[in-house]
Amino acid sequence: MSEGTMADPWQLVTAPGSSEYQMYRDPEAAPPALVCQVGSTTLKYHLRAIEDLHAWLTEQGDWVPLGAADESKPAPEGSVEAWGRDPGNPVGGWYGLRKGYRGRFGMYLPPLLEALGLAELTHEKRNNSVRALPKD
């Protein structure tokens, strides 16, 4: 497993296996960020999203749909994507930090949690779900 730094980013694949991307921590950013590089596109999320999403999934206690959607499209109710935008979540709204690129939380965060051993994912062509695994 990589270190999750800019020099040694996590190498990830979306749940359906259709896209490869990289993520790494940038704790020096304001606020601390999780940087997601998908081809030439850079998305940024609150770094705390790893712990917050794991805690929320643990509270759900079962499979939760990913519901990945672009920022301009509605997120399916009850999905990871919807929670990543909800004013009731720990950051009070969007986990995405870059206006116009705040969506796709449900696409890119769950595979990272799976790689870190914090969650398991389904890997179908569409309509994937995630559930929390207990921390070691």
Side-chain angles (χ1 to χ4, degrees):
M1 183 74 182
S2 72
E3 294 293 316
T5 62
M6 185 179 209
D8 187 20
W10 293 298
Q11 304 294 323
L12 302 164
V13 178
T14 56
S18 55
S19 297
E20 295 181 358
Y21 62 102
Q22 299 177 338
M23 290 185 99
Y24 63 89
R25 294 182 201 96
D26 184 359
E28 304 305 315
L34 189 57
V35 180
C36 180
Q37 192 68 44
V38 185
S40 62
T41 303
T42 302
L43 300 97
K44 294 183 179 184
Y45 302 99
H46 283 277
L47 180 57
R48 64 179 290 171
I50 297 169
E51 293 297 322
D52 290 353
L53 179 56
H54 181 259
W56 181 75
L57 289 170
T58 299
E59 287 173 12
Q60 303 317 295
D62 203 355
W63 292 98
V64 175
L66 302 186
D70 289 332
E71 178 177 348
S72 62
K73 297 191 171 144
E77 190 173 325
S79 67
V80 170
E81 187 74 35
W83 178 82
R85 307 171 176 206
D86 191 306
N89 70 30
V91 297
W94 293 93
Y95 271 87
L97 297 172
R98 188 173 169 216
K99 182 91 168 127
Y101 295 89
R102 297 183 297 184
R104 298 287 174 171
F105 184 81
M107 173 79 66
Y108 298 120
L109 264 291
L112 174 59
L113 266 61
E114 184 177 51
L116 296 173
L118 297 172
E120 63 180 322
L121 284 169
T122 60
H123 294 280
E124 306 301 326
K125 288 184 180 183
R126 318 187 100 201
N127 302 319
N128 286 291
S129 298
V130 61
R131 69 176 171 187
L133 293 175
K135 287 185 178 181
D136 289 336

Heavy-atom side-chain contact between Asp70 and Arg104 under 4.5 Å: yes
Note: Arg48 and Pro90 closest approach over all heavy atoms is NH2-CB, 3.2 Å
Do Leu112 and Val130 belong together in a cluster built from hydrophobic side chains that touch within less than 4.5 Å? yes
Given side chains that start at C-beta, do those of Asn89 and Asp52 come closer than 4.5 Å, heavy atoms only? no
Roughly how far, to the nearest 0.5 Å, is CG of Leu97 from OG1 of Thr42? 12.5 Å
State, yes or no, whether a side-chain contact exists between Asn128 and Pro16 at a heavy-atom distance under 4.5 Å. yes
Would you say Asp86's side chain and Ala82's backbone share a donor-acceptor pair under 3.5 angstrom? no
Using every non-hydrogen atom in the two residues, find where Asp8 and Ser2 come nearest and quote the distance to one decimal. OD1-CB, 3.2 Å
Within this structure, what is the CZ-OG distance for the pair Phe105 and Ser79, rounded to the nearest 0.5 Å? 10.5 Å
Determine whether a donor-acceptor pair (N or O, by modelled atom type, separation under 3.5 Å) exists between the side chain of Glu71 and the backbone of Tyr101. yes
Would you call Lys73 and Glu81 a salt bridge, taking side-chain N to carboxylate O under 4.0 Å as the test? no
Once rounded to the nearest 0.5 Å, what's the spacing between atom CG of Leu133 and atom NE2 of His54? 6.5 Å
Does Arg25 use its side chain to pair, donor to acceptor, with the backbone of Glu3 at less than 3.5 Å? yes
Ignoring hydrogens and geometry, is there a side-chain-to-backbone donor-acceptor pair from Ser19 to Thr14 under 3.5 Å? no
Can Tyr45 be reached from Leu118 by stepping across I, L, V, M, F, W or Y side chains whose heavy atoms are under 4.5 Å apart? yes
Apart from Trp63 itself, which Ile, Leu, Val, Met, Phe, Trp or Tyr residues share its cluster (side-chain heavy atoms under 4.5 Å, direct or through members)? none
Looking only at heavy atoms, what is the nearest atom pair of Ala49 and Leu109, with distance? CB-CD1, 4.1 Å
State which residues pass ring-ring contact (aromatic ring centres under 6.0 Å, His included) with Trp83; sequence neighbours excluded, sorted by chain then number. Trp56, Tyr95
Distance check, rounded to the nearest 0.5 Å: Ser18 atom OG versus Met107 atom CE? 6.5 Å
Look up atom CG in Leu116 and atom CD1 in Ile50, then write down how far apart they are to the nearest 0.5 Å. 6.0 Å
Would you name the heavy atoms of Ala15 and Pro111 that are closest together and state the gap between them? N-CG, 4.0 Å
Shared hydrophobic cluster, Tyr21 / Tyr24 (ILVMFWY, side-chain heavy atoms < 4.5 Å): no
Are the side chains of Leu66 and Leu121 in touch, meaning some heavy atoms are under 4.5 Å apart? yes
Same hydrophobic cluster for Trp94 and Met23, using side-chain heavy-atom links shorter than 4.5 Å among ILVMFWY? no
Non-hydrogen atoms of Pro74 and Ala69 that approach each other most closely: O-CB, 3.8 Å
His46 versus Pro31: any side-chain heavy-atom pair under 4.5 Å? yes
Which heavy atom in Pro76 sits nearest to a heavy atom in Gly67, and how many Å separate them? CD-O, 3.3 Å
From Met6 atom CE to Glu28 atom CD, the distance as rounded to the nearest 0.5 Å: 12.5 Å
Under 3.5 Å, is there a donor-acceptor pair between the side chain of Gln37 and the main chain of Gly39? yes
State plainly whether one hydrophobic cluster holds both Leu53 and Leu12, where clusters connect Ile, Leu, Val, Met, Phe, Trp and Tyr through side-chain heavy atoms under 4.5 angstrom apart. yes
